[in-house]
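Accompanying notes for the structure given below.
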2 protein chains.
Amino acid sequence: MDIIGQRNRLQYIILGLLSQQDQTGYDLTKAFEHEIGEFWQASHSQIYPQLQRLETAGDITHQDQIAGEKLAKKVYQLTAQGQKKLAAWVGEPSPELTATKDEFILKLYFIKSANDPRLGPMLQEQTQLHAEQLTHLQSRRAEVFPNQAAIDAAYGHYLILEHAIEREKHYVEWLNRAQ
Amino acid sequence: MDIIGQRNRLQYIILGLLSQQDQTGYDLTKAFEHEIGEFWQASHSQIYPQLQRLETAGDITHQDQIAGEKLAKKVYQLTAQGQKKLAAWVGEPSPELTATKDEFILKLYFIKSANDPRLGPMLQEQTQLHAEQLTHLQSRRAEVFPNQAAIDAAYGHYLILEHAIEREKHYVEWLNRAQ
DNA sequence: TTAAAACATGTAATTAATTACATGTTGAAA
DNA sequence: TTTCAACATGTAATTAATTACATGTTTTAA
């Protein structure tokens, strides 16, 4: 049972986001605060250099824009080559399992007894954390997918938001059962 | 909603594993193939140097052992200081959410329409992958926790195995619903 | 008996990711 | 009107993680 390593998936995520709409490095950075951030993390200090590499490689180009008086923006867009590269990646099999890193679960692993006094507070803390996240995701769903048309227009996005919601729901249920 | 970074959690996992029993770097490496591997990944090339650093720091010590004719082993054990360090880590709050990295989910995010011809095969591939993992984890549970006494003796371990099983179960259910 | 898999321990090179440093603009609220 | 948050883009330094290199022993199955 293999676990994935990192073979520059960030480049494909950037291509994918740019396939949805032309945008700046700043916009891309913000995207990781929403749904994709549930399944991949990246910060602006990774994103800006990666944009430069993708442009050098000919997968994207950019246009300079001035917002307001003199705020310089670089609005990136896919090239035909970038589109092909994205399609090739999406079409490839993904035969490896997800790499989860959960510090709380690790700590739990080292708790031997159900009577350990640390167990209760730990479970409560996590219950609150995940319940909050669940609420956040649910309101996000209501906001982003108010009707069937919105779902049809971004079906994959809808599926992964559903997945994230259910993940949190079951996490909370498991925590409650453990308590 | 913060996502965890990496602040050398590996050292604590090693301390935790050594708190369960004295063992070698090789044994620790193997441990990541089982339950903890579901929630953290590390390879021998991270583990051996980390063992050296922990020993220098005084958290662990080792004894040399010869297996068979001349196969040299280093069996590591916690020091009192290492025990304290482990307990302090377990007792700390874990206020950050899990960092998941799921390449398949990312690809899905970039599928716009429910009619995309790539969608069916993608979902089928993942269904098989996660169904296999579920079966594996269930047989692992039967093996490691054949009775209540085994559960009572390693309650945290039992909880996280249950969690991993349910995670896979719900993943498969979600995939089936998406299909 | 021999070949392959598993046991056992390391280091080196590369890539990925985090955290910190660095600078400037614009819009909104006090 | 000024100050704070958000917008916007980068680089540098450090740490974490992967992949490859490197070597040798023991057990198991063909």
Side-chain angles (χ1 to χ4, degrees), chain A residues 2-14 22-34 36-37 39-57 60 62-76 96 98-101 103 106, chain B residues 2-14 22-34 36-37 39-56 60 62-76 96-101 103 106:
Chain A
D2 290 322
I3 298 285
I4 56 171
Q6 268 83 286
R7 261 169 298 116
N8 199 359
R9 274 143 185 108
L10 179 57
Q11 68 179 318
Y12 301 112
I13 302 170
I14 289 174
D22 298 352
Q23 52 193 310
T24 66
Y26 187 83
D27 296 328
L28 292 168
T29 302
K30 294 287 128 179
F32 285 90
E33 290 173 8
H34 300 134
I36 31 167
F39 303 102
W40 205 269
Q41 297 80 43
S43 61
H44 78 279
S45 56
Q46 271 180 283
I47 289 167
Y48 287 113
Q50 184 64 64
L51 283 168
Q52 288 166 15
R53 287 192 293 271
L54 282 167
E55 188 159 38
T56 302
I60 62 176
H62 82 270
Q63 267 151 302
D64 290 307
Q65 249 186 35
I66 302 292
E69 197 68 8
K70 54 176 172 175
L71 181 61
K73 286 189 188 193
K74 293 184 178 179
V75 182
Y76 287 93
E96 284 147 343
T98 288
T100 306
K101 298 213 160 178
E103 187 176 17
L106 290 173
Chain B
D2 290 322
I3 297 286
I4 55 171
Q6 268 83 287
R7 260 169 297 116
N8 198 358
R9 275 143 184 109
L10 178 58
Q11 67 179 320
Y12 300 113
I13 302 170
I14 290 174
D22 297 352
Q23 52 194 311
T24 66
Y26 188 82
D27 297 327
L28 292 167
T29 302
K30 294 288 128 179
F32 285 90
E33 291 173 6
H34 300 134
I36 32 167
F39 303 103
W40 204 268
Q41 297 79 41
S43 61
H44 79 277
S45 55
Q46 271 180 285
I47 291 167
Y48 287 113
Q50 184 64 64
L51 283 167
Q52 288 166 15
R53 287 193 293 271
L54 282 167
E55 187 159 38
T56 302
I60 61 175
H62 82 270
Q63 268 150 303
D64 291 306
Q65 249 185 35
I66 302 292
E69 199 68 8
K70 54 176 170 175
L71 181 62
K73 288 188 186 192
K74 293 183 177 179
V75 182
Y76 287 91
E96 283 146 343
L97 291 168
T98 288
T100 305
K101 299 214 160 177
E103 188 176 18
L106 290 174

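Just so it is clear: chains get the letters A, B, ... in the order the sequence lines come, proteins before strands, and each one is counted from 1.
- The B:Asn8 side chain lies nearest to D:dA16 when the options are C:dG10, D:dA16, C:dA16.
- Looking at heavy atoms from C-beta onward, A:Tyr76 lies out of side-chain contact with A:Leu28 at the 4.5 angstrom threshold.
- When distances run from any side-chain atom of A:Thr24 to the nucleotides C:dT19, C:dT11, D:dT9, the shortest one goes to D:dT9.
- For the OP1/OP2 pair of C:dT25 and a distance below 4.0 Å, the side-chain nitrogens and oxygens of A:Lys73 include no atom meeting the criterion.
- When the nearest nucleotides of DNA chain C are assigned to A:Leu10 and B:His44 by heavy-atom distance, the more 5′-ward of the two goes with B:His44.
- Among the heavy atoms of the strands lying under 4.0 Å from A:Ser43 is at least one base atom, whether or not backbone atoms are also near.
- Per the geometry, NE2 belonging to A:His62 stands 11 Å off C1' belonging to D:dT9, to the nearest Å.
- If you check the side chains of A:Thr100 and A:Thr98, you find no donor sitting under 3.5 Å from an acceptor.
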Enumerate all atom pairs, one protein N or O and one N or O from nucleotides 26-30 of chain C, separated by less than 3.5 Å.
residue, atom, partner, partner atom, Å
C:dT26, OP1, A:Ala67, O, 3.3
C:dT26, OP1, A:Glu69, N, 2.8
C:dT26, OP1, A:Lys70, N, 2.5
C:dT26, OP1, A:Leu71, N, 3.0

Polar atom pairs (N or O), protein with nucleotides 3-5 of chain D, under 3.5 Å:
none

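- Remark: B:Tyr26 is in phosphate contact with C:dC7, judged by side-chain N or O atoms under 4.0 Å from OP1 or OP2.
- B:Gln50 places its CD atom 16 Å from the C1' atom of C:dT11, with the value rounded to the nearest Å.
- Distances shown here put every side-chain N or O of B:Ser45 at or beyond 4.0 Å from the OP1 or OP2 atom of D:dT19.
- In this structure, A:Gln41 contributes its side chain and B:Ala99 its backbone to no donor-acceptor pair below 3.5 Å.
- Direction of the helix axis in the helix from C:dT1-D:dA30 to C:dA30-D:dT1 shifts by 40° between the two five-pair termini, rounded to 10°.
- In this structure, of C:dC7, C:dA20, C:dT9, it is C:dC7 that holds the atom nearest to the side chain of B:Lys30.
- Contact check, A:Gln46 against C:dT18: a side-chain N or O comes under 4.0 Å of OP1 or OP2.
- Although no hydrogens or angles enter the test, the distance criterion places a donor-acceptor pair under 3.5 Å between the side chain of A:Glu55 and the main chain of A:His62.
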